[in-house]
A.B. asks: 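This is the structure, below, for whatever I ask next.
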Amino acid sequence: MKLYEYLGKELFYRYDIPVPHRKLIESAEEATEAAAELGNVVIKSQVLTGKRGKAGGIAFAADPGEARKEAERIFKMELNGLKVEKVLVEEKLQIDQELYLALTVDGAARCPVVLVSLDGGMDVEDVAEERMVRWPVNITLGLQDYMVREICRLLGVTGDLKKEFIEFLPKLYRLFRELDAELAEINPLALTPAGLVAADAKVTIDDDALYRHPQLPRIKEKTALELKAEELDLAYVELDGNIAVMANGAGITMATLDMVQHYGGAPANFLDFGGGADVERTSKAIELLLGTSPKVLLINIFGGITRCDVVAEAFVRVRESKGIDLPVSFRLVGTNEAEGRALLGKVGIKAVTSMDDAVRHAVELSVVSK
Amino acid sequence: MSIFIDKQTRVLVQGITGKQGSFHTGQMIAYGTKIVGGISPGKGGQTVEGVPVFDTVFEALEKQPVDASILFIPAPYAKDAALEALDAGVKIIVLIPEHIPLHDAMEIMAYARQKEAVIVGPNTFGLVSSGSCKIGIMPNRYFIPGPVGVVSRSGTLCYEIVGHLTDSDIGTTTVVGLGGDRVVGLNFIDVLEKFEEDPATKMIILVGEIGGSSEEEAAQYIANSMTKPVIAYLAGRSAPPGKRMGHAGAIIERGRGTFESKVKALSEAGVKVAELPMEIPLLVKAALAKA
């Protein structure tokens, strides 16, 4: 779960990480008052997308009138298709140097990793590899002072800034660990006359650990359909095509989409309902897909934990209660295959055994029914 | 021959009294796996599928030695169960559950490294040495002995590919599921190393997907250190960036982990990448003929 910048900064504040003085506003009128209080300000759109600055979603203002004008403009914006609903008005920092700092998970090393660069403020992808220090942290030890001293040595940082780092980094590490973060990124980390200040905040919390953080707000950046799928515990992603696809297992669902594309078709979605779904959940998954008005429905089942008879029963149930009046391409093999085939046979559906045949058939159907 | 596990491997089932735990205990026994005990706190003294149930892993180890453990434990409690098995001295731990918090997974991996133990998963179907020992949830009938080693990040897709092999009368030495999460224990290189050493394995199939960099790292290892032929299949060619495709680890982030990058790395390492799963048996036959 990605957090908005203003929420990230609230968390930083709670962890004693220096952040600029700021005010969250929900209308342009409020900008006047905020700027009157804060003086020279930065006005920042609160949307969950990168490169807000380049898109015009961040502006500077020297007085309340200008602040209001810029806020008005930003509230009308759409960034990457996302509407601006909240805006952060912040004191403009006096920045001597922009740095980069992040804590994230190194999948290959299987541990947290500190990323620091003295080149901040730009896209992190644009930071030269040799200008970035990566320090994997042994999670059993946690981030110790000696590690920060070593990071400073590698960066060539000494004196006051080194002292600042030794104080700053452990706070961010504590936040990262205690809040089950996947990412806690500060770009830029501003070096001001008063010391290091987090000029931005990008925090992502591990979805699988949200259950133990009831105090955190729940941010939804998914489409209505994706949310509905989430309620049903289905892995679902909307795509642009016209062939609705469901399969059991993430890998085989991806492979099914790839094969649809390979044969010239266009998948309408990714839907993995694997992991032993019952008739109820499987029916809901089928209904969800029908609700997207695809041209063709492609069901690809290789039953392991998933039982073919359960899938067939769910299909028959939906067909009888809601009606399925679009062409269907069904592949069914694996656990309880015979029972599943018998159930489908009763409603005149003949499932094939090969994934290849099923996908090709679905693509053909999508072409003729265009 | 096989890697990691064989006929002699003594296996514990943690969470044996649950629905999945008891069902798969039966399936593993049917396959020939030596299940020596089950764990279910508070339910010690019962039996499941004829297997004695203990309250704790330490108690089970007082009765007999154990080589491996498989966990059917809900994700929020999986860390505790995995640490218990590691602390008790179990050297191979198979983590079936999906949705284990990332920080829990990192803690498990750190302790496993300290104890010099192997973690398979999380979010894996397990591993099977065909014809002798299955520690996992894969359907029994597709896993017949033969000369091909298989290592995969995803479950059903791996069954699909092994199913194609079985239909062509090609069997497998060991099939290992790495798991679909961002932080997993065994990686491609760990498994490729073992296959390279195993005399019964003549060639290897690598089943990867978008996200992370483990395929690229595997490609480098193959180019530098492997003599046996490797063929690959990768899922996610059509996946849009920034979206998690079912697996927590299957996501293209900031331009990294793309399908193209993986195909390029593997092809440059001399690995033939199949376009479709159904092409694999032919590629395998060609590789075996040369091997």
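We name chains A, B, ... by the order of the sequence lines, and we start the count at 1 in each one.
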A.B. asks: Heavy atoms only, distances under 4.5 angstrom: which of B/R244, B/R182, B/E217, B/M109 has the most pairs with chain A? Name it, please.
C.D. replies: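 Among B/R244, B/R182, B/E217, B/M109, the one with the most close pairs to chain A is B/R182.
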
A.B. asks: I'd like to know if the side chain of A/D206 reaches the main chain of B/L102, judged simply by a donor and an acceptor atom lying under 3.5 Å from each other, with no hydrogens or angles considered.
C.D. replies: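 Side chain of A/D206 to backbone of B/L102: a pair is present.
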
A.B. asks: Does a side-chain N-to-carboxylate-O contact under 4.0 Å join A/R110 and B/D190?
C.D. replies: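 Salt bridge present between A/R110 and B/D190.
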
A.B. asks: Looking at B/G163, B/P76, B/S152, B/G242, which one has more heavy-atom pairs under 4.5 Å with chain A than the rest?
C.D. replies: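 Most pairs with chain A among the choices: B/P76.
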
A.B. asks: In terms of heavy-atom proximity below 4.5 Å to chain A, should B/Q27 be classed as side chain, backbone, both, or neither?
C.D. replies: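 Answer is neither: B/Q27 stays 4.5 Å or more from chain A.
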
A.B. asks: Is it true that A/R212 and B/D104 make a salt bridge, defined as a side-chain N closer than 4.0 Å to a carboxylate O?
C.D. replies: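 Salt bridge present between A/R212 and B/D104.
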
A.B. asks: When rounded to the nearest 0.5 angstrom, what distance separates CE in A/M259 from CD in B/E275?
C.D. replies: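 Separation between the atoms: 10.5 Å.
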
A.B. asks: Closest approach of B/P101 and A/D208, non-hydrogen atoms and distance?
C.D. replies: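 Heavy-atom minimum between the residues: CG-O, 3.6 Å.
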
A.B. asks: Let me confirm one number: the CD-CZ distance from B/E107 to A/R177, rounded to the nearest 0.5 Å.
C.D. replies: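 Those atoms lie 4.5 Å apart.
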
A.B. asks: Step by step, work out the side-chain contact (heavy atoms from CB on, under 4.5 Å) result for B/M245 and A/T253.
C.D. replies: CA-CA 9 Å; B/M245 304 302 275; A/T253 310; over 6 Å; no

A.B. asks: For the atom pair NE2 (B/H103) and CG (A/D180), what is the distance rounded to the nearest 0.5 Å?
C.D. replies: 5.0 Å

A.B. asks: Where does B/Y233 contact chain A at under 4.5 Å (heavy atoms): side chain, backbone, both or neither?
C.D. replies: side chain

A.B. asks: Would you mind checking which part of B/M138 comes under 4.5 Å of any heavy atom in chain A, side chain (CB onward), backbone (N, CA, C, O), both or neither?
C.D. replies: neither

A.B. asks: Under 4.5 Å from any heavy atom of chain A, what part of B/Y142 do you find: side chain, backbone, both or neither?
C.D. replies: side chain

A.B. asks: Highest number of heavy-atom pairs under 4.5 Å with chain B: which of A/T306, A/D272, A/D106, A/L257?
C.D. replies: A/L257

A.B. asks: Short question: side chain of B/T156, backbone of A/N248 - any donor-acceptor pair under 3.5 Å?
C.D. replies: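 Yes, B/T156 side chain to A/N248 backbone: donor-acceptor pair under 3.5 Å.
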
A.B. asks: Where does A/F302 contact chain B at under 4.5 Å (heavy atoms): side chain, backbone, both or neither?
C.D. replies: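 Both backbone and side chain of A/F302 come within 4.5 Å of chain B.
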
A.B. asks: Tell me whether B/K115 at atom NZ has more than 12 heavy atoms from other residues, nucleotides or ligands lying less than 6.0 Å away.
C.D. replies: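 Yes, the 6.0 Å shell around NZ holds more than 12 heavy atoms from other groups.
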
A.B. asks: Heavy-atom distance under 4.5 Å to chain B: side chain of A/Y263, backbone, both or neither?
C.D. replies: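 For A/Y263, side-chain heavy atoms alone lie under 4.5 Å from chain B.
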
A.B. asks: For the candidates A/G303, A/A235, A/G334, A/A109, which exhibits the highest count of non-hydrogen atom pairs separated by less than 4.5 Å from chain B?
C.D. replies: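 Between A/G303, A/A235, A/G334, A/A109, the count favours A/G334.
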
A.B. asks: Pick one of side chain, backbone, both or neither for A/F176, based on which atoms fall under 4.5 Å of a heavy atom in chain B.
C.D. replies: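 The answer is both parts of A/F176.
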
A.B. asks: Rounded to the nearest 0.5 Å, how far does CE of A/M254 lie from CD1 of B/I210?
C.D. replies: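 One finds 5.0 Å between CD1 of B/I210 and CE of A/M254.
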
A.B. asks: For each of A/A181, A/P267, A/G274, tally heavy-atom pairs with chain B at distances under 4.5 Å, and name the one with the top tally.
C.D. replies: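 Among A/A181, A/P267, A/G274, the one with the most close pairs to chain B is A/A181.
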
A.B. asks: Please round to the nearest 0.5 Å and tell me the distance separating atom CD of B/Q114 and atom CG of A/N138.
C.D. replies: 8.5 Å

A.B. asks: Rounded at 0.5 Å granularity, tell me how far OG1 in A/T140 sits from CZ in B/R113.
C.D. replies: 9.5 Å

A.B. asks: Measuring heavy-atom distances to chain A, does B/H164 have an atom under 4.5 Å in its side chain, in its backbone, in both, or in neither?
C.D. replies: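 It is neither, since no heavy atom gets under 4.5 Å.
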
